[in-house]
**Q** 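Sharing a structure below in C-alpha cells format, with a few things to ask.
Predicted, not measured: the structure shown is a model, and the values here were computed from it. All residue numbers in this chain count up from 1 along the given sequence.
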Amino acid sequence: MNTYGRYPLTIERGNGTFLYDNQNVEYVDCAAGIATCCLGHAHPALSKAVADQMNQVHHCSNLYYIPAQASLASWLVKNSCADKVFFCNSGAEANEAAIKLARKYAHTKLGIDHPVIITAVNSFHGRTLTAITATGQPKYQKDFGPLTPGFEYVEYNNLAELKEKVKEIQGRGNGHGLAGIMMESLQGEGGIRPGTTEFFQGIRQLCDETGALMMMDEVQTGMGRTGHLWGYESIGVEPDVFSSAKALGGGVPIGAMLCKDKCNVFGPGDHASTYGGNPLACAAGVAVAKAFEEEGILENVQRRGEQFRQLARTVLQNKYPKLISEVRGWGLINGIELSADQPLTAADVTKALMVTEHVLVVPAGPKVIRFVPPLIIDEETINVIINKVDKVLSTLTSTPTA
C-alpha cells in the first residue's frame with residue numbers, strides 16, 4: 001500500500017552511527033529509525049542477544065512465564081517510578097493500553113460513567129484509531145471518523161487553559177468526569193517542544209486534586225533520548241502511568257505500558273498481546289538495558305546534546321539569523337526551526353541533506369528539522385553533522401545571512 005512518502009534510497013546495512021545504501025554510499029544517521037536505534041546499528045551486544053535468543057526460543061505464549069520478560073520488567077521498575085509493566089509491540093499499543101487502564105480506573109475507582117482524557121494540541125500518540133483521536137492534530141484524523149469519544153484538547157504548556165478545561169469537565173455532571181491528563185514531556189512530532197516544569201507540576205497537582213491519572217507518553221523521549229532515562233525526570237514530576245517503545249528494544253519491536261500500584265486495575269482478560277513481551281523482544285530489551293548500565297549512554301547523550309545545541313546556535317543560527325528562528329531540545333532530541341516568513345521548509349532541508357551531504361534527518365512539522373541520532377554518537381560526528389548542515393543551508397539560500 002502507498003502509505004509512505006518514501007525517499008529514493010535503499011538501505012542495505014549499518015554500523016554504529018552510519019548506514020550504507022545499495023551502492024555502498026555512507027550516510028550519517030540522524031534519524032535512527034525515528035528515535036529508535038538507540039545503540040546504533042549492528043551493536044555487538046544487541047546482535048548477540050537476539051541471535052542467542054533465536055537459537056533458544058524466540059516466541060511462546062504469555063500464558064507461560066518468560067524469564068527475559070521478567071528480567072526486563074524488573075529493570076524497568078527498578079529504574080522508573082512504576083511498579084508494574086505490561087508489554088506490547090509498539091508505542092501506539094502502549095498508549096492504547098494506558099488509555100484502557102485510565103478508563104477502567106475511572107469507572108471502577110472514581111465512579112465515572114463517561115470518562116474524559118485531556119491531551120494537547122499538536123501532540124502525537126500513534127496511528128491506531130484511538131491513538132489518532134488522542135493525537136491533537138486534525139491532519140491525522142481526517143477521513144477516519146467517527147473517532148473514539150472521550151478526548152479533549154488544550155494548548156501545550158498552557159496551564160491556565162488546562163485548569164479551565166478540568167474545571168469545566170468536572171462540572172458537567174451526568175456521570176462525566178476527568179479520567180486522566182495525557183502529555184508528552186517533549187512534543188516530538190509537534191515540533192520538538194519541551195514541556196515546562198510549571199505546566200507539568202500543575203498537571204500533577206490537578207490529578208492529585210481530582211483523582212485523575214497523570215499519564216505520560218514516553219515513546220519518543222524515553223530510554224535515554226532526553227539525557228535522562230525518562231523524559232519526566234527532566235521536569236521533576238512522577239506520572240501514574242507512562243508508555244515506552246521505540247528505543248526500548250533498540251530497533252527490535254517492543255512496547256510497554258508502566259503504572260504505579262494504585263492504578264493497576266487490569267485483571268486477567270482485561271488486556272493482552274500475542275507478541276508482546278515475547279522472549280526475542282525482551283532479550284533485545286535486556287541487552288539495551290545492560291548497555292545503558294555499562295557503556296555510559298546517558299552521559300554521552302548529555303554531552304553530545306549540549307555540543308549539538310551549542311554548535312547549532314553559534315555556527316548555524318548566528319550565520320543564518322533570518323532563516324533559523326530557534327534551536328531547541330533535550331539530550332539527543334533536537335530541532336532546528338526555520339523562520340515562518342522564509343520559504344524554505346524542513347522537507348527541503350531534509351531532502352538536500354540526504355542527496356548532497358548524505359545525512360539522514362526527519363522533519364517534525366513543516367518548519368522543524370529533527371535530529372535524533374543513535375545515542376552512541378561521538379563528538380567528531382556531531383561536528384561533521386553541523387558542517388554538512390551549514391553547507392546545505394549555504395546552498396539553499398542566496399546569501400549566508402538569509
**Q** Could you tell me which non-hydrogen atom of Ile117 sits nearest to which non-hydrogen atom of Ala179, and how far apart they are?
**A**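 Reported closest heavy-atom pair: CG1-CB, 4.2 Å.
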**Q** Answer yes or no: does atom NE2 of His59 have more than 12 heavy-atom neighbours from other residues, nucleotides or ligands under 6.0 Å?
**A**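 Yes, because the 6.0 Å sphere around NE2 of His59 holds more than 12 heavy atoms from other groups.
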**Q** When you look at Phe200 and Tyr232, which way does the ring-ring contact (aromatic ring centres under 6.0 Å, His included) test go after all the steps?
**A** CA-CA 9 Å; Phe200 278 89; Tyr232 66 75; over 10 Å; no
**Q** Do side-chain atoms of Thr135 reach the backbone of His125 as a donor and acceptor pair under 3.5 angstrom?
**A**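 Yes; judged by distance alone, with no hydrogens or angles, the pair exists.
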**Q** Would you sort out whether Ile385 and Leu311 count as a side chain to side chain contact (heavy atoms under 4.5 Å, CB included), showing the intermediate values?
**A** CA-CA 10 Å; Ile385 292 163; Leu311 289 175; over 6 Å; no
**Q** Taking all heavy atoms of Ser234 and all of Thr226, pick out the closest pair and write down the distance.
**A**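 Distance-wise, the nearest heavy atoms are OG-OG1, 3.7 Å.
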**Q** Grab the two heavy atoms, one from Val241 and one from Ala98, that are nearest each other, plus how far apart they are.
**A**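 Here Val241 and Ala98 meet closest at CG1-CB, 3.8 Å.
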**Q** With salt bridge (Lys or Arg N to Asp or Glu O under 4.0 Å) as the rule and sequence neighbours excluded, what pairs involving residues 1-19 come up?
**A**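 Output for this query is empty, none listed.
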**Q** Return the set of residues passing salt bridge (Lys or Arg N to Asp or Glu O under 4.0 Å) with Lys262 (not counting sequence neighbours), or none when no residue passes.
**A**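 Lys262 satisfies salt bridge (Lys or Arg N to Asp or Glu O under 4.0 Å) with Asp240 only.
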**Q** Given 3.5 Å as the limit, does a donor-acceptor pair link the side chain of Glu218 with the main chain of Gly231, or not?
**A**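 Yes, Glu218 side chain to Gly231 backbone: donor-acceptor pair under 3.5 Å.
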**Q** Mind listing the closest non-hydrogen atom pair of Pro115 and Arg103 along with its distance?
**A**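 Between these two residues, the closest heavy atoms are CG-CG, 4.1 Å.
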**Q** For a 4.5 angstrom cut-off between non-hydrogen side-chain atoms, does Lys319 reach Val315?
**A**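 No, side chains not in contact.
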**Q** Just wondering, do Met223 and Leu229 contact through their side chains at under 4.5 Å, heavy atoms?
**A**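 Yes. Closest side-chain heavy atoms under 4.5 Å.
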**Q** Is there a side-chain contact between Met215 and Phe242, using heavy atoms and a 4.5 Å cut-off?
**A**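 They are not in side-chain contact.
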**Q** Can you tell me which residue among Glu184, Arg370, Lys246 is in a side chain to side chain donor-acceptor pair (under 3.5 Å) with Gln220?
**A**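 For Gln220, the side chain to side chain donor-acceptor pair (under 3.5 Å) check succeeds only for Arg370.
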**Q** Is the count of non-hydrogen atoms from other residues, nucleotides or ligands lying under 6.0 Å from Tyr275 atom OH greater than 12?
**A**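 Result for OH/Tyr275: open.
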**Q** Mind listing the closest non-hydrogen atom pair of Ile336 and Ile324 along with its distance?
**A**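 Heavy-atom minimum between the residues: CG2-CG2, 3.8 Å.
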**Q** So, the side chain of Tyr320 versus the backbone of Asp390: is there a donor-acceptor pair under 3.5 Å, distance only?
**A**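 Yes; at least one donor-acceptor contact below 3.5 Å.
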**Q** Go through the side-chain N and O atoms of Thr10 and Asp21 and say whether any donor and acceptor fall under 3.5 Å apart.
**A**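 No donor-acceptor contact under 3.5 Å links the two side chains.
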**Q** When you check the side-chain N and O atoms of Asn62 and Ser273, is any donor under 3.5 Å from an acceptor?
**A**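 Side-chain D/A pair, Asn62 to Ser273: absent.
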**Q** Quick check on side chain to side chain donor-acceptor pair (under 3.5 Å): which of Arg303, Arg309, Arg304 does Gln307 satisfy it with?
**A**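 Only one of Arg303, Arg309, Arg304 forms a side chain to side chain donor-acceptor pair (under 3.5 Å) with Gln307, namely Arg304.
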**Q** Is a side-chain donor-acceptor pair under 3.5 Å present for Thr148 with Thr130?
**A**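 Judged by distance alone, the side chains do pair up.
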**Q** Is a donor on one side and an acceptor on the other found under 3.5 Å between the side chain of Arg225 and the backbone of Gly331?
**A**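 Flag not set: sc Arg225 to bb Gly331 has no pair under 3.5 Å.
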**Q** Test your reading of the model: is there a side-chain donor-acceptor pair from Thr119 to the backbone of Tyr153, 3.5 Å cut-off?
**A**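 Absent.
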**Q** Taking salt bridge (Lys or Arg N to Asp or Glu O under 4.0 Å) as the cut-off, I'd like each qualifying pair that reaches into residues 265-275, sequence neighbours left out, listed once.
**A**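 Output for this query lists Lys104-Asp270.
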**Q** Checking the side chain of Thr356 only, and the main-chain atoms of Ala352 only, is there a donor and an acceptor separated by less than 3.5 Å?
**A**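 The answer is yes, because a donor-acceptor pair under 3.5 Å joins these two groups.
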**Q** Any side-chain heavy atom of Ile297 within less than 4.5 Å of one from Cys38?
**A**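 No, their side chains stay 4.5 Å or more apart.
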**Q** Any heavy-atom pair between the side chains of Leu323 and Leu316 that's under 4.5 Å?
**A**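 The answer is no; the side chains never approach within 4.5 Å.
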**Q** Is Ser123 reaching over with its side chain to a backbone N or O of Ala120, donor-acceptor style, under 3.5 angstrom?
**A**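 Here the side-chain-to-backbone pair exists.
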**Q** Can you name the nearest heavy-atom pair linking Ile203 to Leu162, along with the distance?
**A**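 Closest heavy-atom pair between Ile203 and Leu162: CG1-CD2, 3.5 Å.
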**Q** Around atom CD of Glu380, are there more than 12 heavy atoms of other residues, nucleotides or ligands at under 6.0 Å?
**A**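 Check fails, neighbour count at 12 or below.
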**Q** Can you tell me if Phe144 has over 12 outside heavy atoms packed within less than 6.0 Å of its CZ?
**A**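 Open: at most 12 neighbouring heavy atoms sit under 6.0 Å from CZ of Phe144.
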**Q** Verify whether one side chain among Glu295 and His43 offers a donor that lies under 3.5 Å from an acceptor in the other.
**A**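 Looking only at side-chain atoms, His43 and Glu295 do form a donor-acceptor pair, the distance falling under 3.5 Å.
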**Q** Taking only residues two or more places apart in sequence or in another chain, which ones pass salt bridge (Lys or Arg N to Asp or Glu O under 4.0 Å) with Arg193?
**A**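 Counting only residues at least two positions away or on another chain, Arg193 forms a salt bridge (Lys or Arg N to Asp or Glu O under 4.0 Å) with Glu337.
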**Q** Passes side chain to side chain contact (heavy atoms under 4.5 Å, CB included), Leu375 versus Asn300? Steps please.
**A** CA-CA 7 Å; Leu375 305 186; Asn300 188 65; 5.7 Å; no
**Q** Would you call Phe124 and Asp217 a side-chain contact if the rule is heavy atoms closer than 4.5 Å?
**A**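 Answer no - side chains too far apart.
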**Q** Strictly distance-based, threshold 3.5 Å: is any side-chain N or O of Glu161 a donor or acceptor partner for the main-chain N or O of Lys165?
**A**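 Not at all, since once roles are kept as given, no pair shorter than 3.5 Å links the two residues.
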**Q** Might you confirm whether atom CD of Glu198 has over 12 heavy atoms from other residues, nucleotides or ligands at distances under 6.0 Å?
**A**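 No, not enclosed.
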**Q** Tell me yes or no: between the side chains of Glu26 and Tyr20, is some donor less than 3.5 Å from an acceptor?
**A**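 Tyr20 and Glu26 do have a side-chain donor-acceptor pair below 3.5 Å.
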**Q** Could you check whether any side-chain N or O of Thr314 sits under 3.5 Å from a backbone N or O of Gln310, counting only pairs where one atom can act as donor and the other as acceptor?
**A**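 At least one qualifying donor-acceptor pair exists.
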**Q** Please work out whether the ring planes of His358 and Tyr27 are parallel, tilted or perpendicular, with thresholds of 30° and 60°.
**A**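 If you compare the ring of His358 with that of Tyr27, the planes turn out perpendicular.
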**Q** Pairing donors with acceptors under 3.5 angstrom, does anything connect the side chains of His41 and Asp29?
**A**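 The answer is yes; a qualifying pair exists.
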**Q** Quiz question: by atom type and distance under 3.5 Å, do the side chains of Tyr156 and Asn122 form a donor-acceptor pair?
**A**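 Result is no, nothing qualifies.
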**Q** Using the salt bridge (Lys or Arg N to Asp or Glu O under 4.0 Å) rule, collect all pairs that involve residues 348-367, keeping only residues at least two apart or in two chains.
**A**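 Qualifying pairs, neighbours excluded: Glu357-Lys388.
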**Q** Can any side-chain N or O of Thr210 pair as donor or acceptor with the backbone N or O of Ala212 at less than 3.5 Å?
**A**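 A pair under 3.5 Å: yes.
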**Q** Does this structure show an ion pair linking Lys100 with Glu96, if we count only N-O contacts that are shorter than 4.0 Å?
**A**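 No.
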**Q** Decide ring-ring contact (aromatic ring centres under 6.0 Å, His included) for Phe371 and Phe308; before the verdict, give the C-alpha distance in whole Å, the side-chain angles of both, and the deciding distance to 0.1 Å.
**A** CA-CA 9 Å; Phe371 296 80; Phe308 178 89; 4.9 Å; yes
**Q** Do Gln205 and Glu209 have side-chain N/O donor and acceptor atoms under 3.5 Å apart?
**A**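 Yes, Glu209 and Gln205 have a side-chain donor paired with an acceptor closer than 3.5 Å.
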**Q** Taking only residues two or more places apart in sequence, or in another chain, which ones meet Lys260 in a salt bridge (Lys or Arg N to Asp or Glu O under 4.0 Å)?
**A**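 Checked Lys260 against salt bridge (Lys or Arg N to Asp or Glu O under 4.0 Å); matches are Glu238.
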**Q** Start with the C-alpha distance between Leu101 and Ile99, add both sets of side-chain angles, then the distance that settles side chain to side chain contact (heavy atoms under 4.5 Å, CB included), and finish with yes or no.
**A** CA-CA 5 Å; Leu101 187 82; Ile99 291 163; over 6 Å; no
**Q** Test Ser244 against Val219 for side chain to side chain contact (heavy atoms under 4.5 Å, CB included), laying out the working first.
**A** CA-CA 4 Å; Ser244 178; Val219 171; over 6 Å; no
